[in-house]
Amino acid sequence: MGSLPHVVEDCLGILQVYSDGSISRLSDDQIDFHNFPVKDDGSVVWKDILYDNGDGKEKQYLRLYKPTKCSANKQQLPIIYFFHGGGFCLGSRTWPNCHNCCLRLSSVLQALVIAPDYRLAPEYRLPAAMDDAFASMKWLQNQALSNSTTYDDASWINHDYDRVYVIGDSSGGNMAHHLALRLGVGSPQLAPVRVRGYVLMAPFFGGSPRTKSEAEGPDEPFLNMQILERFWRLSLPIGATADHPLANPFGPLSPKLEPIKLDPLLVIVGGNELLKDRVEDYASKMKELNKDVHYFEFEGMQHGFFTNDTFSQVANLVLQEIKYFMSGTSC
């Protein structure tokens, strides 16, 4: 008799892969979120929408957030896409840290926030998440072109399609980078939707060899190098390394970025993150390629400092930088 299947990959107990290839994933109601209580002060209303009915794959949903003030004065709001993190293996629009983050973005920035889910690895390896991110933005284009919605309140969607911003956290920041490449300057594929800029919060990039912060930095409460490497093993195409183009923007097989025109980028990282050096290197190299890049490092902060504590004082500073970035790219 053979041995019983045993765990070979464990992602925080939420996702486990067994020796026979089977996968166990906790549902939201099985995960302990006591460290991330929802903080909803009523300044924002939200609702869930099906944006992709599956067509042979999983159905995909997104969550819309709208400040309550805009309902009264009918103002046209800028639109923010928020892509959650989780190493391409974990996370959801429904997780309370993501939900709090979007509530805060919508309230402080007075924006319609769209938070899509996307297919997760290892059930769906990359580029599935990238394709879903693009599909969720094509959904917005379809709303803009149809001039009508099937929802009970058209004002949920009918906002300023000419002022769209993409914010990505961790793996979502990686997705924001690849969306910027795919859409190019002016995002003509999405017309009349116009992306004005991209905010990359500690984007999850990989590569070899390890950077100094990866090799020497202490483990973080929710992150260490073993977890980062596990995320790449589970999310990249089988057999690929962290120098794959979807992991390493400057890898040996990655596209040459110099001739590609991009909309402005705001890159944010914590000073005590394992990913700090890789993110700083990304911003530096993009600047050398004459890309419009704004880089901010928040001293002493670790990975997820904004999304995991979005009502903190340092989160307020991040929101100020995003607001300033948006004001400088709105025309």
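The structure displayed is predicted, hence computed values, not measured ones.
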M130 with V166, same ILVMFWY side-chain cluster at under 4.5 Å | yes
When you measure from the side chain of Y81 to the backbone N and O of S136, does any donor-acceptor pair fall under 3.5 Å?
-> yes
Looking at G87 and S171, what are the two nearest heavy atoms and their distance?
-> N-OG, 3.3 Å
Please lay out, stage by stage, how T307 and N97 fare under the test side chain to side chain donor-acceptor pair (under 3.5 Å).
-> CA-CA 6 Å; T307 49; N97 56 342; 5.1 Å; no
Would you say the side-chain atoms of R196 pair up with the backbone N or O of M326, donor to acceptor, closer than 3.5 Å?
-> no
When clusters are formed from ILVMFWY side-chain contacts under 4.5 Å, directly or step by step, what else is grouped with L253?
-> none
Under-4.0 Å salt bridge between D263 and R194 = yes
Are R93 and D117 close enough for a salt bridge, meaning some N to O gap below 4.0 Å?
-> yes
Ring-face cation contact, F250 with K285, 6.0 Å cut, 45° max | yes
Return the minimal non-hydrogen interatomic distance between I23 and P122, and the atom names on each side.
-> CD1-CG, 3.6 Å
Do R119 and E58 meet the salt-bridge criterion of a basic N to acidic O distance under 4.0 Å?
-> no
According to the interplanar angle, ranging from 0 to 90°, do the rings of F222 and F36 count as parallel (below 30°), tilted (30 to 60°) or perpendicular (above 60°)?
-> tilted
Taking the inter-plane angle between the rings of H177 and F205 on a 0 to 90° scale, is it parallel (under 30°), tilted (30 to 60°) or perpendicular (over 60°)?
-> perpendicular
Yes or no on side chain to side chain donor-acceptor pair (under 3.5 Å) for D29 and S27, after CA distance, side-chain angles and deciding distance?
-> CA-CA 6 Å; D29 58 4; S27 61; 2.4 Å; yes
H294/Y324 aromatic ring centres below 6.0 Å = no
Please report the closest heavy-atom contact between L257 and K291, naming both atoms and the distance.
-> O-NZ, 2.8 Å
Do the charged groups of K276 and E280 touch, with an N to O distance under 4.0 Å?
-> yes
Before accepting this row, confirm whether a basic side-chain N of the pair R182/D131 lies closer than 4.0 Å to the acidic partner's carboxylate O.
-> yes
Co-members of the apolar cluster containing Y18 [side chain, <4.5 Å] = V7
Over 60° means perpendicular and under 30° means parallel, so classify the ring planes of Y165 and F325, tilted if in between.
-> perpendicular
Do H178 and F134 have their ring centres less than 6.0 Å from each other?
-> no
So, does S187 use its side chain to make a donor-acceptor pair with the main chain of L183 at under 3.5 Å?
-> no
